[in-house]
*Asks:* 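Shown below is the structure under consideration.
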Protein chains: 2
Amino acid sequence: MRLNLPTNRQLQYFIALEKHRHFGKAAEACFVSQPAFSVAIQELESLLNVQLVDRNKKQVTITAIGKAIATQARLALTDMEVIIDIARENQQPLSGHLSLGVIPTIAPFLLPELLPRLRKSFPKLDLFLHEDQTERVYELMMQGQLDVILIALPYRLRGVESLSLFRDNFHLACRKGSRLIDPENYVIDNLPEESVLLLEDGHCLRDHALSACKIRSLDKVSKITASSLLTLVQMVDADLGVTFIPEMALHSNLLKHTHIITRPLAKNSFREIGLVWRKGSRRTKEFKLLAGQIQPKGE
Amino acid sequence: MRLNLPTNRQLQYFIALEKHRHFGKAAEACFVSQPAFSVAIQELESLLNVQLVDRNKKQVTITAIGKAIATQARLALTDMEVIIDIARENQQPLSGHLSLGVIPTIAPFLLPELLPRLRKSFPKLDLFLHEDQTERVYELMMQGQLDVILIALPYRLRGVESLSLFRDNFHLACRKGSRLIDPENYVIDNLPEESVLLLEDGHCLRDHALSACKIRSLDKVSKITASSLLTLVQMVDADLGVTFIPEMALHSNLLKHTHIITRPLAKNSFREIGLVWRKGSRRTKEFKLLAGQIQPKGE
DNA sequence: AACTAGTGATAGCTATTTTCTATTATAAAC
DNA sequence: GTTTATAATAGAAAATAGCTATCACTAGTT
């Protein structure tokens with residue numbers, strides 16, 4: 001029989017193990033159970049007839065030969081990926097599978113317009129969407145689960161390249177005739193205590209809004225938070241407070257059937273919408289092309 | 001999910017297809033059925049979303065992109081093999097799996113002594129033996145089915161390296177008191193017609209013996225042939241003819257309980273025993289070590 | 001010493017993937 | 001117009017990979 005080669009799976013698992021030095025964690029990173037992972041590592045060891053890891057001590061140690069093999073394994077897997085790249089380069093750009101992460105404060109405002117346009121311009125594109133907060137889509141991207149993410153900047157990210165698409169200005173939003181504020185003539189710092197409503201922690205919009213409105217004291221911020229823009233708007237409509245809404249949301253029907261009015265903030269009160277991908281990704285060209293398709297809404 | 005890579009299997013199949021330009025033959029070379037093979041190629045095409053082969057015409061043609069991918073695939077598989085090599089280099093030489101091909105006119109005379117010696121010196125060696133004629137073991141070796149072969153030289157081979165181990169002299173063998181020949185004083189060319197018995201075609205011993213005895217005319221050679229040395233000896237014992245026996249066979253019990261006597265031929269009447277492997281094999285060192293273990297019998 | 005937490009291995013079962021045999025479809029050759 | 005050669009398809013069987021639950025071992029703790 002032909003010489004038995006290690007499988008990609010076994011090598012991927014082993015490389016994960018070398019990185020995490022922990023079976024359980026490496027297994028998790030590979031999205032398999034720990035037993036399945038352990039078995040795969042054992043298979044690899046028995047196939048190569050070599051001990052790759054020391055499990056003697058409390059901690060996992062990769063043997064010397066294990067390290068050498070991990071290095072070569074990375075090479076082999078990279079070669080495999082190059083096969084994919086060659087195949088993809090041969091195709092039209094933006095065709096085939098592409099997984100895009102979008103944060104919840106962008107998705108409902110940009111996607112309804114973007115998706116039909118993409119479908120029309122790139123009919124062979126098989127888009128997979130994942131909506132989650134910045135931290136989560138970033139992690140998924142770095143793990144290779146997502147190809148590219150559409151998020152709001154600034155955001156502290158490492159190992160990425162990004163393209164800034166456009167500014168998204170913040171607007172003050174309050175109920176018409178609010179007892180809290182006169183929208184035509186107000187000073188943030190004169191707002192009553194706890195009258196600024198924001199999204200709950202984890203949403204970058206919370207931080208961006210805070211930074212945009214240049215609030216001095218967190219006392220102005222309500223302890224009550226909303227878990228979605230929709231809820232937030234409902235709270236403002238009930239005059240429980242005021243908030244700051246990104247411009248792209250204004251052109252949606254988020255504020256329809258409410259008594260909320262909005263006023264622009266100062267010109268430098270904005271978040272930036274950006275497309276972000278892993279540094280050195282082989283699909284950079286495609287991402288730039290994709291970026292060109294993403295326009296601020298309603299202009 | 002993590003980016004799906006092509007499997008080694010798919011790449012191996014595709015490389016075979018690129019070589020044979022024929023689904024059925026490539027499948028056979030991979031030791032799978034044609035449907036399984038076809039399915040694997042289709043899987044690869046669908047995974048890469050690229051057409052690798054043109055099946056339009058009567059003949060299979062690899063597309064341009066297919067050729068590029070085949071090249072990269074060979075790279076990737078070589079990397080995989082290097083993993084195996086690294087693992088093996090780390091082990092003792094002559095340990096783990098080794099498949100050895102031996103021809104039938106050597107195996108019964110050298111192996112009974114060789115195998116116990118190997119088992120003792122290299123207890124971790126897991127030897128797989130295959131006995132067949134030179135042409136066949138050579139083919140199996142070139143296909144990667146066998147690592148190394150033990151055969152008689154000279155033999156026309158391409159793409160191999162070899163190590164000559166020792167000379168194996170031919171001896172005349174005839175029944176004691178044969179009516180055909182006086183073993184103490186004979187001339188080959190005076191032998192009666194069809195009195196030289198040889199193995200059937202395909203056995204290299206037939207050609208080596210013919211060349212060793214320097215026979216002038218094929219008229220001396222019997223039309224009756226034997227398919228094994230044992231049969232040949234029985235025929236000589238029945239005084240149906242004479243033959244030429246390699247020295248290693250004399251020290252076996254092949255001639256026990258027969259009335260056959262043997263006489264050395266001229267000094268330059270010999271075949272050479274050699275160990276042969278694929279050119280550039282990464283296990284060359286081991287093969288040379290193995291060669292050192294193979295001794296002429298009974299000296 | 002017994003207990004607990006942490007970690008990797010093992011067992012038994014299920015789901016998925018791969019392969020096989022048999023058959024079909026299609027195009028060229030006689 | 002049949003025959004031949006070749007690859008694709010269907011459906012069952014076999015092999016592989018995965019999961020949950022559990023065990024076994026080690027190191028600290030009580």
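Source: prediction; values computed, not measured.
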*Asks:* For A:Q51 and C:dG8, what is the distance between atoms CD and P respectively, to the nearest whole Å?
*Replies:* 14 Å
*Asks:* How are the rings of B:F37 and B:F23 set to each other: parallel, tilted or perpendicular (split at 30° and 60°)?
*Replies:*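 Perpendicular, since the angle between the ring planes exceeds 60°.
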*Asks:* Would you tell me if any nitrogen or oxygen in the side chain of A:H22 comes within less than 4.0 Å of OP1 or OP2 on C:dG8?
*Replies:*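 For C:dG8, OP1/OP2 do have a side-chain N/O of A:H22 under 4.0 Å.
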*Asks:* Taking A:I151 as the fixed residue, which of A:L275, A:V137, A:V102 is the one that meets the side chain to side chain contact (heavy atoms under 4.5 Å, CB included) rule?
*Replies:* A:V137
*Asks:* Between B:S228 and B:T231, does a side chain to side chain donor-acceptor pair (under 3.5 Å) hold up when you go through it step by step?
*Replies:* CA-CA 5 Å; B:S228 76; B:T231 312; 2.9 Å; yes
*Asks:* To the nearest Å, give me how far apart CG (B:N8) and P (D:dT16) are.
*Replies:*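 For the pair B:N8 CG and D:dT16 P, the rounded distance is 14 Å.
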*Asks:* Send over the distance from B:E28 CD to D:dT6 P, rounded to a whole Å.
*Replies:* 12 Å
*Asks:* Grab the NE2-P distance between A:H20 and C:dG8 for me, whole Å please.
*Replies:*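 Going from A:H20 (NE2) to C:dG8 (P), I get 12 Å.
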*Asks:* Hey, is A:E139 close enough to A:R136 for a salt bridge, meaning N to O under 4.0 Å?
*Replies:*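 Looking at A:E139 and A:R136, the cut-off is met.
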*Asks:* When you check the phosphate oxygens OP1 and OP2 of D:dA8, does a side-chain N or O of B:S38 lie under 4.0 Å from one of them?
*Replies:*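 Yes, such a contact exists.
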*Asks:* Determine whether the side chains of A:S46 and A:Q42 contain a donor N or O and an acceptor N or O closer than 3.5 Å.
*Replies:* no
*Asks:* Without decimals, in angstroms, what is the distance between B:D54 CG and C:dA27 P?
*Replies:* 14 Å
*Asks:* How close or far is atom C1' of C:dA9 from atom CG of A:L52, stated in whole angstroms?
*Replies:*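 In whole Å, C:dA9 C1' lies 16 Å from A:L52 CG.
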*Asks:* For A:Q42 and D:dA17, what is the distance between atoms CD and C1' respectively, to the nearest whole Å?
*Replies:* 14 Å
*Asks:* Would you say B:R55 reaches D:dA8's phosphate, i.e. side-chain N/O to OP1/OP2 under 4.0 Å?
*Replies:*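 Checking B:R55 against D:dA8: at least one side-chain N or O falls below 4.0 Å of OP1 or OP2.
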*Asks:* Is A:K285 paired with A:E89 through a side-chain N to carboxylate O contact shorter than 4.0 Å?
*Replies:* no
*Asks:* How does protein contact run along nucleotides 11-20 of chain C, one letter per nucleotide 5' to 3', with B for base contact, S for sugar-phosphate only, - for none, heavy atoms under 4.0 Å?
*Replies:* -------SSB
